[in-house]
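Below: the structure, in structure tokens.
Keep in mind the model is a prediction, meaning the values are calculated, not measured. Residue numbering restarts at 1 for every chain, and letters A, B, ... go by the order of the sequence lines.
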Protein chains: 2
Amino acid sequence: MTKRKSAAISLPEVRNRLREAGLRCTPARVAAINCLFASPTPLSSGEIVEALEPAGFDKSTVYRTLSEFTECKIVFRLDLGDSMRHYELSDVGTHAHFKCRQCGEIQCLDDFSFEISPRKHKAVRLGSVNEVLLRGLCEACE
Amino acid sequence: MTKRKSAAISLPEVRNRLREAGLRCTPARVAAINCLFASPTPLSSGEIVEALEPAGFDKSTVYRTLSEFTECKIVFRLDLGDSMRHYELSDVGTHAHFKCRQCGEIQCLDDFSFEISPRKHKAVRLGSVNEVLLRGLCEACE
DNA sequence: ATCGCAAGTGCAACTGATTTGCAAATACCT
DNA sequence: AGGTATTTGCAAATCAGTTGCACTTGCGAT
């Protein structure tokens, strides 16, 4: 539930997560989970592909794996724009993200709270909001 | 400055906007502005391409036009994820957007206000935020 | 009004991210 | 260990968006 650095996750634990989600435990899936687990911020599909290809995993396998994970809710898929999808393990909990439109840096805003309130009452009706994304310039780029 | 339905914008007015931005007044640009003007919500590049191609405008021209408009700040480019860019005339003013991850519907949240506040004070440092995007399920899809 | 040329356009070919079809490989239940 | 439904790797396809280039056109100067 909390943010972790880069400690590895044990194979049996990964296996459990997969089996619980109804997925077979395969090397590609284990590698993908380890990859995501090791990163403090969401990774783009491209970054994950780059990380796993050297180990011999095909990019199509990686993309398929990420889709499966998303369906099974093992990971949460963020649409941060810029034609790229990002993924993070869903057990880190829901939080907003900030993306710098200049350098592309992504920050997880677990330390921020949001208040979203209708101003007039004509009330556009949103259903449920489960992703909050802020874009702008990070301190460095500003 | 306010939201409009689908009334057309006069040619001289479009011409003015373009000249003020330092752009020549060409049929493709006029068509693109009219297209954006007629829509109550941001349009994706694909939608604009589809709208203008039947009239004989090439998609590369449309993409180029949209980039120029973005540079000149005539339009604001939104990165709503889903591998697609959306555009709206910048004179509608800054406001947040909601996008349904199921049906893709986009809502402009000009009637909402946002409060974003650091919870702890360890303070992740954001620079300036100029786009707020919420994703989730709209009322219909929920 | 019309001329000249920089700016804008259409076309076709290219890129980069992602997807798909299919045959070979493999996880895992018995 | 064995059989089979699931996964995987590969190559080819797709899709949004971009680019190079020769042709056209808007518009300030004549």
Study note, to complete from the structure: To the nearest 10 degrees, the angle between the two end axes of the helix from C/dA1-D/dT30 to C/dT30-D/dA1 (five pairs per end) comes to 40°
**Study point:** D/dT7 OP1/OP2 closer than 4.0 Å to side-chain N/O of A/R29
**Key:** yes
Point to revise | Contacts of type salt bridge (Lys or Arg N to Asp or Glu O under 4.0 Å), residue A/E13, not counting sequence neighbours | key: A/R17
Check your understanding: Among all residues two or more places apart in sequence or in another chain, which pass the side chain to side chain contact (heavy atoms under 4.5 Å, CB included) test with A/S67?
Key -> none
Point to revise | Residues that B/N130 engages under side chain to side chain donor-acceptor pair (under 3.5 Å), provided they are two or more places apart | key: A/R101
Below 3.5 Å, can you tabulate the donor-acceptor pairs from side chains in residues 46-57 of chain B to any protein atom, sequence neighbours excluded?
unit_1: B/E47; atom_1: OE1; unit_2: B/S44; atom_2: N; d: 2.8
unit_1: B/E47; atom_1: OE1; unit_2: B/S44; atom_2: OG; d: 3.4

Detail all sub-3.5 Å separations between protein N/O atoms and N/O atoms belonging to nucleotides 28-30 of chain D.
unit_1: D/dG28; atom_1: OP1; unit_2: B/R19; atom_2: NH2; d: 2.5

Exercise for review: Could I get the full list of side chain to side chain contact (heavy atoms under 4.5 Å, CB included) partners for A/T26, not counting sequence neighbours?
Suggested key: A/R24, A/A28, A/R29
Practice item. Verify the contact: side-chain N or O of A/S45 to OP1 or OP2 of C/dT18, cut-off strictly under 4.0 Å; return yes or no. Key: yes
Practice item. Please name all residues satisfying salt bridge (Lys or Arg N to Asp or Glu O under 4.0 Å) with A/E88, sequence neighbours left out, ordered by chain then number. Key: none
Check your understanding: Any idea which of D/dT7, D/dG17, C/dT20 is nearest the A/L23 side chain?
Key -> D/dT7
Point to revise | side chain to side chain donor-acceptor pair (under 3.5 Å) partners of A/R64, counting only residues at least two apart | key: A/S60
**Study point:** Residues that B/C72 engages under side chain to side chain contact (heavy atoms under 4.5 Å, CB included), provided they are two or more places apart
**Key:** B/A21, B/L23, B/I74
Revision key, fill the gap. Residues in residues 49-63 of chain A with a heavy atom under 4.0 Å of DNA chain C, by number, are A/K59, A/S60, A/Y63
**Study point:** B/R85, nearest nucleotide to its side chain (from C/dT9, D/dG17, C/dT19)
**Key:** D/dG17
At a cut-off of 3.5 Å, list every protein nitrogen or oxygen paired with a nitrogen or oxygen from nucleotides 24-27 of chain C, distance to 0.1 Å.
unit_1: C/dA27; atom_1: N3; unit_2: A/R24; atom_2: NH1; d: 3.2

